[in-house]
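Residue indices begin at 1 and follow the sequence shown.
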Amino acid sequence: MSLLLIALCLGAGGLIGFMGGVLGIGGGLIAIPALVLLMGMSQQLAQGTALIMVLPTIMMAVRKYNQQTRIDRRVALAGAGGAVVFTWVGARLALGIESGVLRLSFAVFLFFIALFYAWQTWRAGAARRAPKGSGHAPVFTPRRATLLGVLCGTLGGFFGVGGAVLAVPIITTVFRLSQTTAQALALCMVIPGSAVALVTYSWAGRADWLVGLPLAAGSLLFVPVGVRLAYRLPERKLRACFAAMLFATVALLVFES
């Protein structure tokens with residue numbers, strides 16, 4: 001691997017880490033289409049390689065989120081426990097699917113998540129945020145977190161990433177937690193599952209460590225900057241950025257197909 005390619009991966013990792021820290025997505029949603037489009041990787045290889053970067057980045061992001069607002073550990077651990085086994089199931093399913101089909105499935109999944117987020121952002125305003133403390137929203141209990149972890153773990157294993165992308169809108173809409181709190185909890189929930197997925201993809205030879213490691217190094221440097229910015233942005237603007245990022249990812253995947 002040339003020094004130029006290592007330098008490019010470090011720079012790309014820094015940008016991805018910054019954006020992942022701001023949006024609370026671990027950067028994988030950005031890295032996967034980039035690896036497919038720019039490096040010609042198959043969807044499975046791109047997902048496995050992205051996980052090399054995603055796992056340490058998520059851990060760093062969670063640490064920084066926890067420094068801003070204490071994370072409910074009981075809920076986070078329950079969600080993570082629900083995700084572990086089903087992440088492996090999802091990863092095994094993904095490894096048996098043709099790359100083009102998996103890529104299009106990934107694009108469709110992200111499109112509907114982005115559509116939901118755009119709708120949520122449209123409706124979100126001062127009137128919607130004001131009753132945040134009202135008693136109408138159900139409590140996000142460890143049992144409910146476990147069920148959400150099962151769903152997110154399956155999708156996260158299948159797509160390499162995505163568990164947090166699904167968890168965040170559910171937590172903000174159903175349980176009415178703030179965007180940054182939802183992002184922190186969602187990232188906590190996917191850490192063990194992401195480790196399982198990385199081992200599964202690596203064992204199948206679908207992870208390029210020579211590309212993934214410099215991406216991870218660059219990403220770790222800029223995740224704290226992104227997390228700090230996330231707490232300064234207005235919540236509605238943060239949701240709009242999240243939706244825009246997903247739509248951009250869908251466009252890249254469709255273009256490559």
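The 12-atom threshold is exceeded at CZ of Phe247, counting heavy atoms of other residues, nucleotides or ligands nearer than 6.0 Å.
With rounding to the nearest 0.5 angstrom, the CE atom of Met39 is 9.0 Å from the CG atom of Leu45. With values rounded to the nearest 0.5 angstrom, Thr172 atom OG1 is found 9.0 Å from Gln183 atom CD. To the nearest 0.5 Å, atom CZ of residue Phe18 and atom CG of residue Leu229 are 5.0 Å apart. The line from CG of Leu93 to CH2 of Trp88 is 9.0 Å long, rounded to the nearest 0.5 Å. To the nearest 0.5 Å, atom CG of residue Leu10 and atom CG of residue Leu15 are 13.0 Å apart. In this structure, the separation between CG on Leu198 and OG1 on Thr87 is 12.0 Å, given to the nearest 0.5 Å.
Across all their heavy atoms, Ile58 and Leu187 have their closest contact at CG2-O, 3.5 Å. When all heavy atoms of Cys152 and Ala167 are compared, the closest pair comes out as SG-CB, 3.6 Å. When all heavy atoms of Ala94 and Gln44 are compared, the closest pair comes out as O-NE2, 3.2 Å. Residues Met53 and Ala31 share a closest heavy-atom pair of CE-CB, 3.8 Å. Scanning both residues, Ala107 and Val250, for their nearest heavy atoms gives O-CG2, 3.5 Å. The two residues Tyr201 and Ala91 come nearest to each other via the heavy atoms CE1-CB, 3.9 Å.
In the hydrophobic cluster analysis, where Ile, Leu, Val, Met, Phe, Trp and Tyr join through side-chain heavy atoms closer than 4.5 angstrom, Val199 is grouped apart from Leu155. Cluster membership for Leu220 and Phe222, using ILVMFWY side-chain heavy atoms within less than 4.5 angstrom, is shared. The hydrophobic cluster containing Leu102 does not contain Phe86, counting ILVMFWY residues as joined when their side-chain heavy atoms lie under 4.5 angstrom apart, directly or transitively. Under the 4.5 Å side-chain heavy-atom criterion for Ile, Leu, Val, Met, Phe, Trp and Tyr, Phe175 and Leu151 are members of the same hydrophobic cluster. Under the 4.5 Å side-chain contact rule for hydrophobic residues, Leu55 and Trp209 share a cluster.
With sequence neighbours excluded, no residue forms a side chain to side chain donor-acceptor pair (under 3.5 Å) with Thr146.
Listed for the Gln43 side chain is no donor-acceptor partner under 3.5 Å among the backbone atoms of Val101. No side-chain donor-acceptor contact under 3.5 Å links Ser219 to the backbone of Ile16. Between the side chain of Asp208 and the backbone N or O of Thr49 there is no donor-acceptor pair closer than 3.5 Å.
Side-chain contact between Ile32 and Phe159 is absent, with no heavy-atom pair separated by less than 4.5 Å. Side-chain contact between Met60 and Thr57: absent, with no pair of heavy atoms (C-beta onward) separated by less than 4.5 Å. Using a 4.5 Å cut-off on side-chain heavy atoms (C-beta onward), Val174 and Arg144 make no contact. Between Leu215 and Leu35, the closest side-chain pair of non-hydrogen atoms falls below 4.5 Å.
Residue pairs meeting the side chain to side chain donor-acceptor pair (under 3.5 Å) criterion with at least one member in residues 71-82: none, sequence neighbours excluded.
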